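All values derive from a computational prediction rather than experimental measurement. For the single chain, residues carry numbers from 1 onward in sequence order.
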Amino acid sequence: MATNPEELPLVLILKPFPSIPSFQEKFSNKFRSLKGTDLSVPVSEFFRKECQSVKALVCGAKFALTKDILNCLPSLGCIVLTCVGLDNIDLDECRKRGIVIGNAGTVYSEDVADFAIGLLIDVLRGISSGHRFVRSGLWSINTEFPLGSKLSGKRVGILGLGSIGSEVAKRLEAFSCVISYTSRTKKPSVPFSYYPNVIDLASHNDILILTCSLNKETFHIINKDVMSALGKKGIIINVGRGALVDEKEMVRCLVQGEIGGAGLDVFEKEPYIPEELLEKDNIVLAPHVAVVTVESYSALHELIISNLEAFFSNKPLLSLVKYN
């Protein structure tokens with residue numbers, strides 16, 4: 001690596017992510033950064049004027065790397081994501097250009113799994129609604145609080161048994177839950193029951209936990225038929241992507257009592273949340289923060305630097321995404 005700051009590799013950073021001073025110092029010792037969001041000019045104009053020689057960029061989930069954007073980056077050879085999903089990237093265009101992609105790998109998996117179980121327990125036991133009940137003064141007026149339901153022994157279906165889904169399953173085993181799953185392929189080494197489609201998974205479970213990625217095949221995979229199969233006592237926990245669920249249909253099912261509850265960290269049109277979801281105690285809502293911990297961000301910072309170092313050294317990325 002070069003020691004003269006002007007000779008350091010140039011990295012474009014889109015939608016800056018939370019970082020700490022130690023990361024910023026370490027990053028600036030290894031790379032020069034060009035931050036698109038620091039400029040008032042339109043993004044496309046900035047790309048055409050400033051980014052023709054950029055070979056690597058760091059990008060979050062909320063910035064769409066479309067074909068038009070990629071056309072403005074003729075030298076780009078590497079994309080390092082601060083997220084796991086690839087739904088914000090034109091993969092066909094990246095494939096044509098031979099661009100390598102590194103995502104967040106498994107750095108979020110444990111934190112998201114913890115959060116999923118937290119949402120589930122909250123929905124079942126009414127922790128958030130109990131908090132509101134006490135703080136509003138209702139406890140002193142009415143000592144009757146609705147009965148909750150135990151997690152132990154519940155039948156839980158996991159949609160997507162990847163890194164996050166596997167961590168969720170590990171935690172559910174401690175609660176003696178009966179676990180099953182569906183995914184693109186059956187996993188021979190997994191002891192849990194496999195269902196080839198999500199309707200079958202829903203019909204055999206009390207709870208669905210969504211941890212899969214969003215793509216053309218999984219868009220609105222949780223639809224009216226799935227929710228009907230899950231039934232009136234069924235619960236949906238979504239820590240994947242909002243568009244995995246037909247949100248309009250889910251709202252209708254929740255309002256009309258066709259499913260029993262939901263714990264949601266992600267939504268179709270963030271930060272917009274349907275008003276109906278704000279009014280019911282059997283729904284627990286979070287502002288897309290399942291990945292947000294000091295520990296996960298620290299691990300992410302290290303991975304970003306390691307992936308960039310690998311690319312500029314002509315080595316394989318540590319969290320290389322195989323999308324070809």
Side-chain angles (χ1 to χ4, degrees), residues 85 112-129 148-151 154-162 164-165 167-169 171-172 175 177-183 192 195 197-214 217-270 272-290:
V112 176
D114 290 347
F115 203 85
I117 300 303
L119 285 174
L120 177 54
I121 293 174
D122 197 343
V123 174
L124 290 170
R125 298 301 303 274
I127 296 172
S128 292
S129 59
S149 181
K150 67 189 292 184
L151 172 56
K154 286 288 191 295
R155 300 174 302 163
V156 184
I158 302 173
L159 176 57
L161 202 67
I164 295 172
E167 290 292 340
V168 169
R171 285 150 178 76
L172 290 170
F175 288 91
C177 291
V178 179
I179 303 166
S180 55
Y181 73 101
T182 189
S183 62
F192 313 126
Y195 292 97
N197 63 74
V198 70
I199 292 180
D200 287 343
L201 185 72
S203 66
H204 287 86
N205 283 285
D206 309 304
I207 298 155
L208 288 182
I209 299 181
L210 316 183
T211 64
C212 66
S213 59
L214 176 64
E217 289 72 34
T218 60
F219 177 79
H220 282 190
I221 191 170
I222 306 300
N223 55 27
K224 180 180 178 179
D225 292 338
V226 173
M227 286 180 256
S228 177
L230 185 60
K232 292 185 177 181
K233 294 184 178 180
I235 292 170
I236 294 172
I237 304 296
N238 191 1
V239 291
R241 284 285 190 268
L244 294 172
V245 181
D246 182 338
E247 191 168 87
K248 184 177 180 180
E249 185 62 31
M250 179 182 64
V251 169
R252 188 194 65 79
C253 288
L254 286 164
V255 170
Q256 297 185 10
E258 294 181 18
I259 57 175
L264 309 170
D265 183 51
V266 288
F267 306 88
E268 278 209 71
K269 298 178 181 179
E270 296 175 4
Y272 167 76
I273 298 176
E275 288 187 10
E276 297 92 332
L277 297 180
L278 304 175
E279 301 168 357
K280 298 180 71 65
D281 283 339
N282 61 337
I283 303 170
V284 179
L285 309 173
H288 202 153
V289 291

Inset, instruction - Might you work through the side-chain contact (heavy atoms from CB on, under 4.5 Å) test for Leu151 and Leu120, ending with a clear yes or no? - result: CA-CA 8 Å; Leu151 172 56; Leu120 177 54; 3.5 Å; yes
Legend entry - Non-neighbouring partners of Tyr181 that pass ring-ring contact (aromatic ring centres under 6.0 Å, His included), sequence neighbours left out: Tyr194
Legend entry - Smallest separation among heavy atoms of Tyr272 and Phe267, with atom names: O-CB, 4.1 Å
Inset, instruction - Just jot down the side-chain hydrogen bond (donor to acceptor under 3.5 Å, both in side chains) partners of Asn238, sequence neighbours excluded, or say none. - result: none
Legend entry - Residues that His204 engages under ring-ring contact (aromatic ring centres under 6.0 Å, His included), provided they are two or more places apart: Tyr195
Legend entry - Full working for side-chain contact (heavy atoms from CB on, under 4.5 Å) between Val156 and Ile237: CA-CA 10 Å; Val156 184; Ile237 304 296; over 6 Å; no
Show me the donor-acceptor pairs within less than 3.5 Å that the side chains of residues 275-285 make with the rest of the protein, sequence neighbours left out.
residue: Asp281; atom: OD1; partner: Arg132; partner atom: NH2; Å: 2.9
residue: Asn282; atom: ND2; partner: Gly260; partner atom: O; Å: 2.8

Inset, instruction - Please lay out, stage by stage, how Ile221 and Val226 fare under the test side-chain contact (heavy atoms from CB on, under 4.5 Å). - result: CA-CA 8 Å; Ile221 191 170; Val226 173; 5.9 Å; no
Legend entry - Side-chain (Asp265) to main-chain (His288) donor-acceptor, under 3.5 angstrom: yes
Inset, instruction - Determine yes or no for a side-chain-to-main-chain donor-acceptor pair under 3.5 angstrom, with Asp122 supplying the side chain and Ile127 the backbone. - result: yes
Inset, instruction - Begin from the C-alpha positions of His220 and Lys248 and carry the test side-chain contact (heavy atoms from CB on, under 4.5 Å) through to its verdict. - result: CA-CA 10 Å; His220 282 190; Lys248 184 177 180 180; over 6 Å; no
Inset, instruction - For Ser180 and Asn205, work out which heavy atoms get closest and say how close. - result: OG-ND2, 2.9 Å
Inset, instruction - Go through the structure and list residues passing side chain to side chain contact (heavy atoms under 4.5 Å, CB included) with Glu258, not counting sequence neighbours. - result: Arg252, Cys253, Gln256
Legend entry - Donor-acceptor contact below 3.5 Å, side chain Thr218 vs main chain Ser213: yes
Legend entry - Partners passing salt bridge (charged side-chain N to carboxylate O under 4.0 Å, His left out) against Asp114 (at least two apart in sequence or in another chain): Arg171
Inset, instruction - Can you measure from CD1 (Ile179) to CD1 (Ile207) and round to the nearest 0.5 angstrom? - result: 11.0 Å
Legend entry - Reported OG1-to-CD1 distance for the pair Thr182 and Ile158, which is rounded to 0.5 angstrom: 11.5 Å
Inset, instruction - Compare every heavy atom of Val239 with every heavy atom of Leu119, then report the nearest pair and how far apart it is. - result: CD1-CG1, 4.0 Å
Inset, instruction - State the CD-CG distance between Glu268 and Leu244, to the nearest 0.5 angstrom. - result: 9.5 Å
Inset, instruction - Please report the shortest heavy-atom distance between Gly160 and Cys212, naming the atom on each side. - result: CA-CB, 3.9 Å
Inset, instruction - Determine whether Ile121 and Phe175 make a side-chain contact, defined as any pair of heavy atoms from C-beta on separated by less than 4.5 Å. - result: yes
Inset, instruction - Heavy atoms only: give me the nearest Ala116-Val168 pair and the separation to one decimal. - result: CB-CG2, 4.2 Å
Inset, instruction - State whether a side-chain donor-acceptor pair under 3.5 Å links Lys233 with Ser149. - result: no
Inset, instruction - With rounding to the nearest 0.5 Å, note down the distance linking CG in Leu210 to CD1 in Ile222. - result: 5.0 Å
Inset, instruction - Indicate yes or no for a side-chain donor-acceptor contact from Glu167 to the backbone of Ala113 under 3.5 Å, with no hydrogens or angles considered. - result: no
